Structures are given as C-alpha cells and as structure tokens.
Amino acid sequence: MGRTVRTRIAPSPTGDPHVGTAYIALFNYVFAKKHGGDFLLRIEDTDQTRARSDSEEAIMTSLKWLGLSWDEGPDVGGPKGPYRQSERREIYQAHAEQLLERGEAYRCFCTPDRLAALREEQRLAKGRMGYDYHCREIPAEESARRAAAGEPFTIRLKMPKEGTSVMQDLLRGEVRRSFEELDDQVLLKSDGFPTYHLANVVDDHLMEITHVIRAEEWIPSTPKHVRLYEAFGWEAPVWIHMPLLRNPDKNKSKISKRKNPVSLAFYKEAGILPEALVNFLALMGFSFGDDMEKFTVAQMVEVFDFEKVSLGGPVFDLDKLNWLNGLYMRDLSEERLLEEIQAIWLNPTYFAKLLPLVQNRMKNLNDFIDQTAFFYNVELAYEGADGAALLPKGKTQKEMADALMGAADAMDAMESWSVANIEAALRALAEEKGLKIKELFMPVRVAISGRKASPPLFESMEALGRERVRFRLRKAAEYVKTLP
RNA sequence: GGUCCCGUCGUUCAACCGGUUAGGACAUCGGCCUUUCACGCCGACAACACGGGUUCGAAUCCCGUCGGGAUCACCA
C-alpha cells in the first residue's frame with residue numbers, strides 16, 4: 001500500500017447525465033476522500049457515432065450540482081491529462097501497437113458483415129458465441145503487408161483458449177471464469193478509436209487509478225481487463241463492482257429510461273434538492289449505521305467502508321426520495337428556500353419563456369397563474385373530462401398507450417430539444433402510427449398540460465423541458481389504459 | 001440458452017465472524033394534534049425464497065433447487 005488512493009468516474013457523453021452515473025460517482029468520490037485520495041473525471045467519448053455534443057458539459061454541471069467535485073478532469077486539468085479519451089487516440093494506438101509487437105494482440109481483417117453472419121450462425125446453432133479466431137494465426141509479414149496495403153483492420157487481444165481467469169472483487173471475493181467462453185476482444189476499432197476495454201485499462205493505468213469502482217454489469221468483461229493488465233505487465237487495480245440500480249417494476253430490471261426517470265435533469269426539474277438526491281443515492285446499498293438515514297456526503301466520508309455496502313440490486317423508489325427531500329426542505333432557511341425557488345422557476349428567464357405563450361389568452365394579470373400552473377409541477381392528474389381526451393373516439397387504449405409511449409421515445413431520440421424538432425417528431429409519429437394529427441396532438445396536449453385547452457403545444461413542451469415532457473407522456477400512457 | 005452476480009417486510013437498510021419476541025425508515029391502514037391539509041406524535045399490518053445438511057442451536061456456515069438480474073458488439 002502506501003500509494004495514494006485514486007478513483008475515477010468515466011461517463012460516456014451519449015445523452016442526459018444518468019442517475020446511475022451519479023450513483024457510481026458518489027461511491028468513487030466518498031471512497032477517495034475517505035482515504036485522502038483523488039477523484040477524477042474522465043470522459044469516455046470513443047464512440048464517435050453516439051457522442052452528443054452538449055452531453056459532456058451537462059454531465060459536469062450535474063455532478064457539480066450534486067457536490068461531487070473532481071480533483072482532475074477535462075475542465076480543471078491535472079498531471080495525467082488529457083482527460084478526454086478522444087484526445088488520447090495516439091496513446092491508445094501506441095499501446096495497441098506495443099501489444100502487437102509483443103505478440104499479445106493481432107490484426108483482424110474480418111468485415112462487420114462476416115462477424116454479423118458469424119454471430120447469426122452461432123445464435124442458430126446455439127453453440128459457443130464469440131469470435132472464431134479467423135485472423136489469429138495470420139503470419140506477421142502478411143498481416144503487416146495487408147495493413148500497409150490499406151486493408152481495414154481491427155486489433156484484437158489474444159486471450160488464452162483454456163484455463164481459468166480469476167478476479168478478486170473487494171465486495172464479492174473471488175470471481176472465476178473459464179477462458180473458453182471468452183473470445184478475442186477488439187481493442188482498436190477500424191476507425192482507429194479504441195474500444196472501452198483498451199482505453200479504460202490504458203487510462204486507468206496511466207492515471208494511476210488504484211480502485212476501480214464501477215457497476216456490476218462490468219463483471220463479465222473484467223477477465224478481459226485483467227488479461228490486458230497482464231499483457232502490458234502492469235499491476236491491476238482493486239476491483240469493486242457495485243450493484244445496479246433497478247426499476248420499480250415486478251422484475252427489478254436494470255434502471256432504464258423507458259420505465260423510470262433516469263436523467264439527473266429530471267430530478268432537478270422535479271424540485272429535488274441535490275443534497276437530498278445524493279443522500280438518497282447513498283441509501284441505495286449503503287447503510288450509515290445506527291439506523292441513520294439522513295446524512296451529508298461529508299458525514300458519509302467519515303464513516304465510509306465497503307463493508308457497509310450491501311449487494312442486492314436496490315430499487316429506485318421515488319416515494320422515499322420525495323420523503324427524504326421533504327426532510328431537507330423543512331431544514332432550509334427561508335433565505336435559501338427563496339433562492340432555490342427563484343433559481344429554478346421564479347426567475348425572469350423562465351417568465352420570459354412563458355409569458356409569450358399565454359399573453360393573448362390573458363384577460364387579467366391573475367390569469368397568468370392559472371394558465372401556467374402546469375409549468376410548475378411534475379406529475380399531473382388526468383382524472384376528469386379533460387383526461388378522457390387522452391383517448392380519442394374510435395381509438396383503443398392500447399393504440400393510444402402505444403402512441404404516447406412512442407411520443408416519449410421520440411422526444412428522447414431527437415438530437416436537440418427545439419420547437420421545430422418536437423413538431424417534426426410528432427408529425428412523423430402520427431404518420432407512423434396511422435393517426436390523424438388531432439388524434440395524436442390532443443392526447444399529447446392533455447398529457448403534458450392536463451387540459452384540453454393549453455398554450456401552444458410545441459412551445460409549451462419546449463419550455464417544460466425534455467424530461468418532464470417524457471415523464472408526463474409515460475404517465476399518460478399508463479393512465480390511458482385505465483380509461484373506459 | 002451458456003457464464004457470472006444476487007436473494008431479509010411491497011420498497012430500502014439493519015441484525016459484529018450461529019443463540020434477537022428478526023429492528024429502523026418509506027409506502028399502506030388506524031388514531032392523536034389541527035378550522036383544513038401538510039408537518040409532528042402514537043399504533044397496526046408486514047420478511048428471513050425453498051429443500052437438505054453441519055451444529056445443542058442456522059436469517060447467519062455448506063450443498064442443491066427455485067427466482068431475479070447482468071452479460072455474451074468494431075456501445076460504454
């Protein structure tokens with residue numbers, strides 16, 4: 001020991017900052033601080049096709065909002081930078097090259113088509129899945145010649161074909177897995193970018209990460225990482241796999257945006273205080289001791305120990321979060337309470353957004369309150385005559401539930417949140433579902449405003465924000481199933 | 001399906017490496033407080049997945065079964 005503890009959170013900027021990211025970040029942060037170590041932020045943007053431009057900044061904003069600040073990262077820099085993987089391409093290429101020279105890896109010239117066909121074949125045969133070593137034995141000279149000739153290739157790690165991989169997990173003990181079921185993982189893609197596996201191991205080593213605290217879903221691929229450390233001749237970090245947050249559905253599946261709000265932005269819009277959210281996240285798996293449930297991150301740092309972490313997949317339960325948040329609300333000073341409310345809703349910026357939407361509908365100043373009420377809360381009640389409009393004449397519950405869920409998905413899928421994009425997405429959806437415009441727009445209007453009469457639909461949705469809109473569309477989809 | 005991980009009230013977290021009427025919290029249901037609601041307080045309901053072992057004694061240790069989850073990409 002004696003080495004400074006260093007942990008990291010390594011999110012991929014592919015969308016809205018995820019509650020699971022905050023969850024894992026919290027434990028990384030707390031563990032590092034407990035041991036007087038460093039917590040770093042590294043952006044894993046090696047997938048050029050999925051990265052979203054504004055996502056990285058949103059991630060940083062959200063983590064800061066929660067009070068989880070990093071000692072080194074893309075914004076603050078640090079001695080082991082850069083902290084953005086897209087800026088480290090040469091490093092990965094050099095390391096892949098090194099593995100090639102050592103005979104620990106090889107070039108693979110298989111096309112995506114061939115690999116897809118192979119997978120399909122294996123799936124049908126119900127046999128062993130994974131790469132068939134097709135290119136593993138290509139002689140070095142031939143491999144070099146084909147590469148030089150411009151033939152596209154990936155670089156794969158040579159895994160042992162037999163034997164057992166052993167990994168020590170701090171929380172779970174020894175985890176063994178036979179090499180026979182592990183194939184030769186691609187390390188460097190044909191576009192020259194590394195896969196997670198390579199980038200992650202290289203960076204963790206170069207950044208001197210001592211403890212890898214990540215989600216359980218990584219357990220199956222950890223043997224590949226262990227093998228990589230061996231291939232490089234490096235010392236592996238301590239592995240710690242946290243349980244996965246779960247949906248409140250029957251099976252407790254891994255938390256997902258189709259079933260549960262997962263965006264940190266949603267919780268902020270829902271009026272949750274950051275200290276309550278982070279406290280709640282801590283409760284997922286961790287017990288403070290003495291039945292204490294309300295505590296700060298600083299207090300958690302004091303007492304933290306992985307022995308106080310349990311492994312069952314915790315269900316993310318909004319009820320308890322809201323109760324906890326209420327506790328924090330009551331503790332707030334009037335000054336701070338006022339500040340918070342002003343910051344989120346009662347501010348000129350937000351008013352400026354809403355006023356144009358309702359001005360010509362107003363007969364007096366007080367109408368503003370009535371007509372914009374739905375912009376200031378999260379969940380709407382659909383009982384009553386207006387709610388019944390979620391189900392247009394001649395349409396079935398199933399059809400409309402499907403359409404509303406489709407709308408929720410469409411809202412998520414669009415690149416940037418704008419009035420024009422919202423409208424285009426909804427028109428496309430109506431077409432796709434075979435609905436008349438009003439058969440879709442009225443239900444959507446009711447879903448997001450709770451009323452049949454509302455300010456302009458797309459502008460209202462835009463002002464409401466993506467997350468609340470998606471939440472309401474999902475809720476309306478559930479509600480419509482209960483309609484007569 | 002193969003492999004791996006997990007398994008205490010509906011949910012969450014306890015019960016130190018075997019001995020408890022299995023505890024706290026959320027939710028639910030009662031009651032008190034209160035013009036109402038909320039808060040607060042009091043109370044009720046409610047769990048060791050199942051089957052074998054080991055042991056004087058098992059929620060706790062071992063094995064099996066069942067259940068759930070994750071994973072099997074040129075995504076992370």
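Only a predicted model underlies this, so the values are computations on that prediction, with no experimental measurement involved.
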Between A:Arg172 and A:His241: side-chain donor-acceptor atoms closer than 3.5 Å
no

Please check if any side-chain donor atom of A:Tyr83 sits under 3.5 Å from a side-chain acceptor atom of A:Glu72, or the reverse.
yes

Which value, in whole Å, describes the distance between the [atom1] atoms of nucleotides [N] and [M]?
N     : M     : atom1 : result
B:G30 : B:A38 : P     : 13 Å
B:G52 : B:A76 : C1'   : 43 Å
B:A59 : B:U21 : C1'   : 15 Å
B:U55 : B:C62 : C1'   : 12 Å
B:A70 : B:A14 : C1'   : 26 Å
B:C29 : B:U65 : C1'   : 37 Å
B:G1  : B:C56 : P     : 41 Å
B:C13 : B:G7  : P     : 11 Å

With ring-ring contact (aromatic ring centres under 6.0 Å, His included) as the test, pick out the partner of A:Tyr29 among A:Phe304, A:Trp70, A:Phe39, A:Tyr23.
A:Phe39

Relative to the ring of [Y], is the ring of [X] parallel (under 30°), tilted (30 to 60°) or perpendicular (over 60°)?
X        : Y        : value
A:Trp218 : A:His225 : tilted
A:Phe280 : A:Phe316 : perpendicular
A:His205 : A:Trp234 : parallel

Start at the 5' end of RNA chain B and walk down; is the nucleotide closest to A:Gln185 or to A:Ser178 reached first?
A:Ser178

Both A:Arg246 and A:Gly130 contact RNA chain B. Which one's nearest nucleotide lies toward the 5' end?
A:Arg246

Read 5' to 3' with Watson-Crick or G-U pairs under 3.5 Å, [ ] for crossing pairs and | for partners on another strand, RNA chain B gives (((((((..((((.....[...)))).(((((.......)))))....(((((..]....))))))))))))....

Side-chain heavy-atom pair [X], [Y] within 4.5 angstrom cut-off:
X        : Y        : value
A:Lys320 : A:Glu293 : yes
A:Tyr131 : A:Arg156 : yes
A:Leu264 : A:Asp16  : no

d([atom1], [X]; [atom2], [N]) in whole Å:
X        : N     : atom1 : atom2 : result
A:Asn322 : B:A38 : CG    : P     : 15 Å
A:Leu245 : B:G69 : CG    : P     : 16 Å
A:Arg172 : B:U3  : CZ    : P     : 19 Å
A:Arg42  : B:A76 : CZ    : P     : 12 Å
A:Glu174 : B:U3  : CD    : P     : 18 Å
A:Trp218 : B:A73 : CH2   : C1'   : 11 Å
A:Leu198 : B:C74 : CG    : P     : 14 Å
A:Arg8   : B:A76 : CZ    : P     : 14 Å

Which is true for [X] with a 4.0 Å heavy-atom rule: it touches a base, it touches only sugar-phosphate, or it touches nothing?
X        : answer
A:Leu321 : nothing
A:Cys110 : base
A:Pro152 : nothing

With A:Asp203, the side chain to side chain donor-acceptor pair (under 3.5 Å) member among A:Gln85, A:Arg8, A:Lys80
A:Gln85

If we ignore hydrogens and angles and just use 3.5 Å, is the side chain of A:Thr482 paired with the main-chain N or O of A:Tyr479 as donor and acceptor?
yes

Residues [X] and [Y] bridged, charged N to O under 4.0 Å:
X        : Y        : answer
A:Arg336 : A:Glu339 : no
A:Asp331 : A:Lys294 : yes
A:Asp184 : A:Lys161 : no
A:Glu44  : A:Arg42  : yes

Give each protein N/O atom lying under 3.5 Å from an N/O atom of nucleotides 45-49 of chain B, with the pair distance.
none

Test of understanding: with ring-ring contact (aromatic ring centres under 6.0 Å, His included), list the residues that count as partners of A:Trp417, not counting sequence neighbours.
none

Contact under 4.0 Å: [X] side-chain N or O vs [N] OP1/OP2:
X        : N     : answer
A:Thr46  : B:A76 : yes
A:Arg156 : B:C74 : yes
A:Lys254 : B:U71 : yes
A:Lys189 : B:A76 : yes
A:Arg107 : B:C74 : no
A:Arg330 : B:G40 : yes

The correct set of residues in residues 265-273 of chain A placing a heavy atom under 4.0 Å from RNA chain B is none

At a heavy-atom distance below 4.0 Å, what parts of residues 20-33 of chain A sit against RNA chain B?
none

Between the protein and nucleotides 7-14 of chain B, list every N/O to N/O distance that falls short of 3.5 Å.
residue: B:U12; atom: OP1; partner: A:Gly313; partner atom: O; Å: 3.4
residue: B:U12; atom: OP1; partner: A:Val315; partner atom: N; Å: 3.0
residue: B:U12; atom: O2'; partner: A:Leu283; partner atom: O; Å: 3.4
residue: B:C13; atom: OP1; partner: A:Gly285; partner atom: N; Å: 3.0
residue: B:A14; atom: OP1; partner: A:Ser287; partner atom: OG; Å: 3.3
residue: B:A14; atom: O5'; partner: A:Ser287; partner atom: OG; Å: 3.2

Given B:C74, B:C75, B:C5, the nucleotide with the shortest approach to the side chain of A:Asp47
B:C75

Has the side chain of A:Thr195 got a donor or acceptor atom sitting under 3.5 Å from an opposite partner on the base of B:C74?
no

